[in-house]
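Here's the structure we're looking at; comments come further down.
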Amino acid sequence: MTGRILIDLFMTLDGVAQGPGGTDEDPSGGFEFSGWQAGYPSSGMGETVSKGMQGLDALLLGRRTYDIFASYWPHHTDGPSGEIGRLFDRVPKYVASRNADIALAWRNSRRVGGDLIAEIAELRAQHVEVHVIGSIDFVHSLLAKGLFDEFNLWVYPILLGTGKKVFDDGAKPSVLRLLEPPVVDESGVMLLRYGRTDLVPEVGTFED
């Protein structure tokens, strides 16, 4: 069975996925709203995040997200987030980087970034569920080549008007398939799960 590549992102209603988790997560480009997710009350989405991790057996991360995870999760293997911390610490971590000399101190970590198409094929052969979390710049590369199987989007009813967006002009034209009805919590945060198809958008004219 061929493994799947799943992209997990927290996103605002206007499509921004930059720096959701902390004030110093990603201020690049003068972004002033890093930490926007942490400042929004949403008690209902934690369960959906944990449930979505149940099949995860590898992480595929951009370099910035990897550094954030490596500095946090190995030290949070107990307490409320301990289950996710232990999972992330245990599974293989693949880091997308063009720098062949990067130091990856977190255990079970190695670099990818030479031939992305071939490396994704290798990951599919080795794992069941490879999750790409955050890593918005790297996600753009995956979207440009159609190298994903599932999109999990946690959409927050926030408009920022600035920041790195999930879908930029380089995404490969694709038709996605809704995998299950949307899940919405009491604060209006919505989980949307889409699967990739081999279809491309068609054009036409509305006629009677």
Side-chain angles (χ1 to χ4, degrees), residues 5-53 56 59-73 81 84 88 95-97 116 130-196 201:
I5 308 297
L6 284 70
I7 298 175
D8 303 329
L9 289 173
F10 298 110
M11 184 182 80
T12 66
L13 195 59
D14 55 345
V16 176
Q18 182 172 354
T23 54
D24 59 351
E25 181 176 335
D26 185 3
S28 63
F31 186 60
E32 299 178 353
F33 297 103
S34 195
W36 55 265
Q37 178 208 10
Y40 192 87
S42 175
S43 62
M45 284 295 135
E47 183 178 346
T48 68
V49 173
S50 297
K51 182 179 178 181
M53 300 294 175
L56 182 156
L59 286 169
L60 175 58
L61 306 171
R63 178 61 192 274
R64 184 191 296 271
T65 300
Y66 172 82
D67 287 343
I68 293 170
F69 278 26
S71 67
Y72 180 85
W73 285 112
S81 59
I84 292 179
F88 287 177
V95 187
S97 175
L116 188 57
V130 180
H131 284 241
V132 182
I133 302 175
S135 310
I136 185 62
D137 293 327
F138 177 56
V139 165
H140 289 162
S141 297
L142 297 177
L143 292 179
K145 298 180 183 298
L147 296 175
F148 71 96
D149 299 286
E150 185 175 318
F151 238 122
N152 298 313
L153 295 171
W154 284 263
V155 183
Y156 283 66
I158 299 173
L159 302 176
L160 296 182
T162 185
K164 298 175 185 177
K165 296 187 183 300
V166 174
F167 304 105
D168 65 359
D169 288 343
K172 182 179 180 180
S174 307
V175 174
L176 305 182
R177 175 173 58 92
L178 188 66
L179 298 177
E180 64 180 24
V183 177
V184 186
D185 77 357
E186 77 288 346
S187 63
V189 179
M190 180 181 300
L191 169 61
L192 299 172
R193 294 184 60 239
Y194 289 101
R196 186 184 63 82

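Count residues from 1 along the sequence. Basis for what follows: all heavy atoms, side chains included, without hydrogens, waters or symmetry-related copies.
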Item checked: Ring centroid separation Phe167 to Phe151 under 6.0 Å ->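 Yes.
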Margin query: Before we go on, tell me: are the rings of Trp36 and Phe10 under 6.0 Å apart, centre to centre?
Written below: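 Centroid distance Trp36-Phe10: not below 6.0 Å, so no.
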Find the distance between [atom1] ([X]) and [atom2] ([Y]) and round it off to the nearest 0.5 Å.
X	Y	atom1	atom2	value
Leu143	Ile136	CG	CD1	7.5 Å
Tyr194	Leu179	OH	CG	9.5 Å
Thr12	Leu159	OG1	CG	7.0 Å
His140	Lys165	NE2	NZ	10.0 Å
Tyr72	Glu25	OH	CD	12.0 Å
Tyr66	Ser97	OH	OG	11.0 Å

Kindly say whether [Y] contributes a backbone atom to a donor-acceptor pair with the side chain of [X] at under 3.5 angstrom?
X	Y	answer
Tyr40	Ile158	no
Ser135	Gly62	yes
Gln18	Ser28	yes
Asp149	Ile5	yes
Ser71	Asp67	yes
Asp185	Gly188	yes
Asp8	Asn152	no

Next item on the list: Evaluate side chain to side chain contact (heavy atoms under 4.5 Å, CB included) for Phe88 paired with Leu56, printing each intermediate quantity in order.
Entry: CA-CA 9 Å; Phe88 287 177; Leu56 182 156; 4.0 Å; yes
Check: Between Arg193 and Glu150, does at least one N-O distance fall below 4.0 Å, as a salt bridge requires?
Finding: yes
Check: Do the charged groups of Lys164 and Asp26 touch, with an N to O distance under 4.0 Å?
Finding: yes
Please report the closest heavy-atom contact between [X] and [Y], naming both atoms and the distance.
X	Y	value
Gly161	Asp14	N-OD2, 2.7 Å
Pro157	Ser187	CG-O, 3.8 Å
Val130	Leu59	CG1-C, 4.4 Å
Ala38	Gly21	CB-O, 3.7 Å
Thr162	Phe31	O-CE1, 3.5 Å

Flag side-chain contact, heavy atom, 4.5 Å: [X] against [Y]:
X	Y	value
Leu191	Pro182	no
Leu13	Tyr156	no
Val132	Leu60	yes

Next item on the list: Decide side chain to side chain contact (heavy atoms under 4.5 Å, CB included) for Val189 and Gln37; before the verdict, give the C-alpha distance in whole Å, the side-chain angles of both, and the deciding distance to 0.1 Å.
Entry: CA-CA 10 Å; Val189 179; Gln37 178 208 10; over 6 Å; no
